[in-house]
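Let me begin by presenting the structure, written as structure tokens, before commenting on it.
Below, each value reflects all heavy atoms present in this structure, side chains not excepted, and no hydrogens, waters or symmetry copies.
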Amino acid sequence: MYEQKKALAVPKVGLVLTGGGARAAYQVGVLRAIAELLPDKTRNPFPIICGTSAGAINAASIAVSAHNFAEGVGRLEEVWSNFHVDQIYRSDLMGVIHNTLRCMLSLVSSEYGQHNPISLLDNAPLEALLKNRFSFRTIQHCIRSGSLHALGLTAWGYTSGQSVTFYQAAREVLPWKRAQRLGLPVEIGVEHLMASSSIPFIFPAVKLNREYFGDGSMRQMAPISPALHLGADKVLIIGVRKPVTDEPKRISASGYPPFAQIAGHALNSIFVDSLDVDLERLLRINETLKLIPPEAFKANNISLRPIEAMMIAPSEGINEIAQKYAHTLPWIMRYLYRAIGAMGPNGSTLLSYVLFEVPFCRDLIELGYNDTMQQKNELLKFIGVQEKV
């Protein structure tokens, strides 16, 4: 995982954008702050960009505008600042009824389910939005010009059970294969974004080549690893959950947990828990390597190297923010989410993943911006640039 490389004059900084549905609006605020801190018309400061799920969409948006980082971030913020759920999934009455009937039909007809994608929500509007917003041809142009080294988007194969990072990169980047995960060179397209962001049960799986793929966060045991395989010497990680520092309070349960509460915990385990584990592992390896004398690396052929990492994560609980804006959802979605318990305090985790509405997204963008500005000196030192005067 941490293969030794020759010292570089300018270390390649990798950007890792995690999944999290609507929570990924927080990443936009972080990117906005970084763009504001850099000199005008600076090209992308992250030669390696990796994204998963909603983070894959943000990653691709930065990659296609790698020649002008601030311009790419500005376009991304414009979209997230004006989001409505109907741009992500059908929230109109007929659309919800149609998709509900399809789900019910799949329960009584296995043959129907084999030939029709089944999910709780129809994300056809998202596909239309991505096709309209992205010019994927510019990715290769940015790689040739040197403003981008690699873009990697991760999805999960339902048949193979493998975590696959589809990447488009400079020629020296080679495919890799590890236990249950591999890197595959492709020309990135909208289908890879749709596959990586297909949250299980909520959005339908996407067929790529011979296999159906779903959200890349599923069983992604090493979310930092793709950036290292693509050539990163250090990694900036933008998370979507407030770090847990205290033991949870033990409260006596007054009733059976609603469906939304269970689903929210499941989504947390998919999107954020593996990142915490992988980051802890990386830091532990770094500490171990400090104990090994430099001469021992060559003598014993140790193919490891320390990887510097920095993580920016929400300083506030996103669940509580989501609950504050639950009323902004279309009435039909409020009705459906209330039926499964997502509109109450116990269902706020699930709600935070699907609340693609202007007030919620703008609040998260502002939170990401402020959190980043609080540590701007450390950040600028990490990415190796000077703040603009």
Tell me whether [X] is salt-bridged to [Y], with the criterion being a basic N under 4.0 Å from an acidic carboxylate O.
| X | Y | value |
| --- | --- | --- |
| Glu287 | Lys290 | yes |
| Glu366 | Arg32 | yes |
| Lys324 | Glu320 | no |

Side chains of [Y] and [X]: any donor to acceptor distance under 3.5 Å?
| X | Y | value |
| --- | --- | --- |
| Ser81 | Arg362 | no |
| Arg75 | Ser61 | no |
| Gln168 | Gln140 | yes |
| Ser147 | Asn44 | no |
| His141 | Ser145 | no |

Sub-4.5 Å side-chain heavy-atom contact between [X] and [Y]:
| X | Y | answer |
| --- | --- | --- |
| Pro11 | Val13 | no |
| Pro125 | Gln87 | no |
| Gln375 | Met310 | yes |
| Leu364 | Cys361 | no |
| Thr52 | Leu153 | no |
| Ile143 | His149 | no |
| Ile285 | Ile307 | no |
| Pro175 | Tyr167 | yes |

If only atom types and distance count, is the side chain of [X] paired as donor or acceptor with the main-chain N or O of [Y] below 3.5 Å?
| X | Y | value |
| --- | --- | --- |
| Thr372 | Gly368 | yes |
| Asn82 | Glu78 | yes |
| Thr138 | Ser135 | yes |
| Asp371 | Ser315 | yes |
| Glu357 | Val85 | yes |

Partner residues of Phe136 under the ring-ring contact (aromatic ring centres under 6.0 Å, His included) criterion, sequence neighbours left out: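 Scan of Phe136 (ring-ring contact (aromatic ring centres under 6.0 Å, His included), adjacent residues dropped) gives Phe134.
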To the nearest 0.5 Å, how far apart are [atom1] in [X] and [atom2] in [Y]?
| X | Y | atom1 | atom2 | value |
| --- | --- | --- | --- | --- |
| Asn209 | Glu191 | CG | CD | 9.0 Å |
| Ile139 | Ile188 | CD1 | CD1 | 6.0 Å |
| Tyr26 | Leu31 | OH | CG | 11.0 Å |
| Phe83 | Phe356 | CZ | CZ | 6.5 Å |
| Ile224 | Asp278 | CD1 | CG | 4.0 Å |

Chi angles and distances behind the side-chain contact (heavy atoms from CB on, under 4.5 Å) call for Trp176, Leu230: CA-CA 9 Å; Trp176 67 88; Leu230 292 171; 3.8 Å; yes
Other residues, nucleotides, ligands: >12 heavy atoms within 6.0 Å of Glu71 CD: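 More than 12 heavy atoms, drawn from other residues, nucleotides or ligands, come within 6.0 Å of this atom.
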Residues Leu355, Tyr325; criterion side-chain contact (heavy atoms from CB on, under 4.5 Å); working and verdict: CA-CA 8 Å; Leu355 187 52; Tyr325 295 114; 4.0 Å; yes
Cation-pi geometry met for Lys207 and Phe213 (6.0 Å, 45°):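 No, cation not above the ring by the 6.0 Å, 45° rule.
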Aromatic Phe69 / basic Arg43 pairing, under 6.0 angstrom, 45° off normal: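 No, Arg43 and Phe69 do not form such a contact.
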Tell me whether [Y] is reachable from [X] by hopping between hydrophobic residues (I, L, V, M, F, W, Y) whose side-chain heavy atoms are closer than 4.5 Å.
| X | Y | value |
| --- | --- | --- |
| Val79 | Val358 | no |
| Val190 | Phe166 | yes |
| Leu76 | Ile34 | yes |
| Leu228 | Ile48 | no |
| Leu38 | Val28 | yes |

Partners meeting side-chain hydrogen bond (donor to acceptor under 3.5 Å, both in side chains) with Thr154 (sequence neighbours left out):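 With neighbours one apart ignored, the set is Thr165.
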Criterion side-chain contact (heavy atoms from CB on, under 4.5 Å) on Gln27 and Val240, from CA distance to verdict: CA-CA 8 Å; Gln27 299 171 349; Val240 293; 3.9 Å; yes
Passing candidate, side-chain hydrogen bond (donor to acceptor under 3.5 Å, both in side chains) with Ser53, options Asp215, Thr18, Asn58: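 With Ser53 as partner, Asp215, Thr18, Asn58 yield a single side-chain hydrogen bond (donor to acceptor under 3.5 Å, both in side chains), made by Asp215.
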Of Glu77, Gln374, Glu36, the residue whose pairing with Tyr369 passes side-chain hydrogen bond (donor to acceptor under 3.5 Å, both in side chains):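 For Tyr369, the side-chain hydrogen bond (donor to acceptor under 3.5 Å, both in side chains) test succeeds with only one of Glu77, Gln374, Glu36, which is Glu36.
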Check against side-chain hydrogen bond (donor to acceptor under 3.5 Å, both in side chains), His192 and Ser196: CA-CA 6 Å; His192 300 99; Ser196 181; over 6 Å; no
Arg23/Asn319 under side-chain hydrogen bond (donor to acceptor under 3.5 Å, both in side chains): CA gap, chis, key distance, verdict: CA-CA 9 Å; Arg23 291 174 173 230; Asn319 293 357; 2.5 Å; yes
Identified side-chain contact (heavy atoms from CB on, under 4.5 Å) partner of Leu15 from the options Ile237, Ile238, Val30: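 Answer to the side-chain contact (heavy atoms from CB on, under 4.5 Å) test with Leu15 among Ile237, Ile238, Val30: Ile238.
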side-chain contact (heavy atoms from CB on, under 4.5 Å) between Gln162 and Arg178, intermediate numbers included: CA-CA 10 Å; Gln162 291 181 316; Arg178 298 293 185 269; over 6 Å; no
Candidate pair Ser160 and Glu211, rule side-chain hydrogen bond (donor to acceptor under 3.5 Å, both in side chains), full reasoning: CA-CA 8 Å; Ser160 65; Glu211 186 176 6; 2.8 Å; yes
